Amino acid sequence: MPELPEVEHAARSLGEQIVGRTIVAVTRLDWERMVETPAVDQFLDLIQGRVVRAAGRRAKWIVLTLDDGWSLALHLRMSGSLTVHGPAAEPDAYTHLVLLLDDGRQVFFHDTRKFGRARLLDAAGLAALDSAHGVEPLTDAFTPELLAALLRRYNARIKPLLLNGRLIAGIGNIYADEALWNAQIHPLRQSASLSDEEVARLHSGIRLALLQGLEHGGSTLRDYRNGYGVAGSNQNHFKVYGRAGAPCPRCGTPIEKIVVAQRGTHLCPYCQPIAVD
DNA sequence: CATTACCTGCAA
DNA sequence: TTGCAGGTAATG
């Protein structure tokens, strides 16, 4: 799933349901590689009895603030979802982690592809996670000037640069393509070659794509669900992603699909011309 | 920078 | 049967 809008909804909807509750125990962990830190036995021990104080997001991580300085960071990667269920619910074969709450409800971490990850972090671990990621693109810190500086300093093809979470957090394959279409910039453009006007368009194009995703509850291609089990609808509003051959909403030219940095990449060849860098 | 790996299901 | 999928880390 999950890029910034999906993770944001996942975190919020989880928080609405479980903030204030205590994690009584982990009642299932059948894919131990999901737990990255600390060692599994420590993880199981330390998480017991922790109160969930808050739920938030950093980059594509859902961060549950617990008591005693601990945080539970959860990453959904490609196919994960976190949903809250009643006491009688039975996890299926793809539910690899189950947290039992003090009111009997359960949090299911469901993940078909088993790429999802969990980390129980102390304050230092949380700070390390934070500093491993770039600016949050929906905050005031993300200015056109900052974007311009990043594009110049890390000159590279613009699409892979947008996907690099150490520079800008939360943009994945869907929203990178949508943002570049919004900005009318070809994904292969060298980032340092963008004019000030193009940088300004990209800045607002990124925000617009992410805000539109948020507005529609995120995008669900297959697996994504929020904490209530509800799919997003932003996939019905894509301008280019997954629309190869369909008409560009701006000019009617058929959308093209190419490969950039090993990722399927969608663009309008008329609105997003290749520039001679 | 490109390639491979990690997993599984599904569409072509 | 093959290739592809919302992510990211590791390896040449």
Side-chain angles (χ1 to χ4, degrees), chain A residues 1-11 29-37 57-62 73-82 92-97 109-119 128-134 137 153-181 187-192 206 209-210 212-214 216-226 230-245 257-266 277:
Chain A
M1 80 182 212
E3 307 181 26
L4 186 154
E6 293 76 32
V7 180
E8 181 67 33
H9 274 288
L29 177 58
D30 72 354
W31 182 250
E32 297 198 345
R33 297 172 63 172
M34 169 176 272
V35 174
E36 289 187 324
T37 188
R57 177 192 61 77
R58 173 66 174 117
K60 294 169 188 166
W61 288 90
I62 293 162
L74 302 161
H75 201 304
L76 304 173
R77 290 286 182 99
M78 297 285 265
S79 59
S81 65
L82 286 163
D92 70 11
Y94 299 104
T95 301
H96 304 301
L97 175 68
F109 193 157
H110 185 275
D111 187 6
T112 309
R113 292 177 71 180
K114 299 179 173 172
F115 290 161
R117 294 293 182 264
R119 300 177 180 173
L129 181 143
D130 181 55
S131 62
H133 296 94
R153 187 176 333 142
Y154 302 94
N155 185 30
R157 294 171 308 171
I158 187 63
K159 173 155 175 184
L161 189 151
L162 292 181
L163 293 175
N164 183 349
R166 288 174 302 241
L167 305 183
I168 305 170
I171 301 175
N173 208 36
I174 291 175
Y175 296 98
D177 284 3
E178 295 293 310
L180 288 168
W181 182 87
L188 291 175
R189 287 287 302 282
Q190 286 296 123
S191 63
I206 290 168
L210 295 172
Q212 181 186 290
L214 278 173
H216 295 118
S219 306
T220 296
L221 299 184
R222 179 189 305 282
D223 302 289
Y224 172 69
R225 298 275 131 55
N226 70 16
V230 175
S233 64
N234 190 239
Q235 65 281 4
N236 301 319
H237 301 273
F238 290 159
K239 305 297 198 299
V240 285
Y241 188 87
R243 298 190 62 247
K257 183 178 181 187
I258 63 175
V259 175
V260 178
Q262 281 61 52
R263 313 298 301 277
T265 296
H266 312 75
D277 288 326

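Residue numbers start from 1 in every chain, and the chains themselves are labelled A, B, ... in the order their sequence lines are given, proteins ahead of strands. In this text, all values refer to a predicted model and were calculated from it rather than measured experimentally. Note that these values count all heavy atoms, side chains included, but never hydrogens, waters or copies made by symmetry.
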Quick one: on DNA chain B, does A:R222 or A:R33 contact a more 5' nucleotide (nearest heavy atom)?
A:R33
With a 4.0 Å cut-off on heavy atoms, is A:A156 in touch with a base, just the backbone sugar-phosphate, or nothing at all?
sugar-phosphate
Using whole Å, report how far CZ of A:F238 lies from C1' of C:dA5.
13 Å
Under 4.0 Å between a side-chain N/O of A:K257 and OP1 or OP2 of C:dA5, yes or no?
yes
Between A:H216 and A:N236, a side-chain donor and acceptor under 3.5 Å:
no
Between C1' on C:dC4 and NE2 on A:H266, what's the gap in Å once rounded to a whole number?
11 Å
Check whether any side-chain N or O of A:H75 sits under 4.0 Å from OP1 or OP2 of C:dG7, and answer yes or no.
no
Considering only atom P, compute the distance from C:dC4 to B:dT4 and round it to an integer number of Å.
13 Å
Rounded to whole angstroms, how far apart are CZ on A:R263 and C1' on B:dC1?
16 Å
Whom does B:dC10 pair with, Watson-Crick or G-U wobble, provided both distances fall under 3.5 Å?
C:dG3
Report yes if the ring of A:F115 lies under 5.5 Å from the six-membered base ring of B:dC6 with planes under 30°, and no otherwise.
yes
How close or far is atom C1' of C:dG3 from atom CE of A:M78, stated in whole angstroms?
13 Å
Roughly how many Å is it from CG in A:L163 to P in C:dG7, rounded to a whole number?
7 Å
Rounded interatomic separation in angstrom, taking CZ from A:R77 and P from B:dA5:
17 Å
Is there a donor-acceptor pair closer than 3.5 Å between any side-chain N or O of A:Y224 and the backbone N or O of A:G218?
no
When rounded to whole Å, the CZ to C1' distance for the pair A:R113 and B:dC7 reads 6 Å
Let me know the distance between CG of A:D111 and C1' of C:dG7, rounded to the nearest Å.
11 Å
A:D177 side chain to A:H266 side chain, donor-acceptor N/O pair below 3.5 angstrom:
yes
Same-atom distance (P) from C:dG3 to B:dT3, integer angstrom
15 Å
If the cut-off is 4.0 Å, is A:K114 near the phosphate of B:dC6, judged by side-chain N/O to OP1 or OP2?
no
Say we look at C:dT8 and B:dC10: how far apart would their C1' atoms be, to the nearest angstrom?
23 Å
Is there a donor-acceptor pair closer than 3.5 Å between any side-chain N or O of A:E36 and the backbone N or O of A:R119?
no
Give A:G165 one of three labels, base, sugar-phosphate or nothing, depending on what nucleic acid heavy atoms sit under 4.0 Å from its own.
nothing
Under 4.0 Å, heavy atoms only, any strand: does A:W61 hit a base, just the sugar-phosphate, or nothing?
nothing
How long is the straight-line distance from CH2 of A:W31 back to NZ of A:K114, given to the nearest 0.5 Å?
4.0 Å
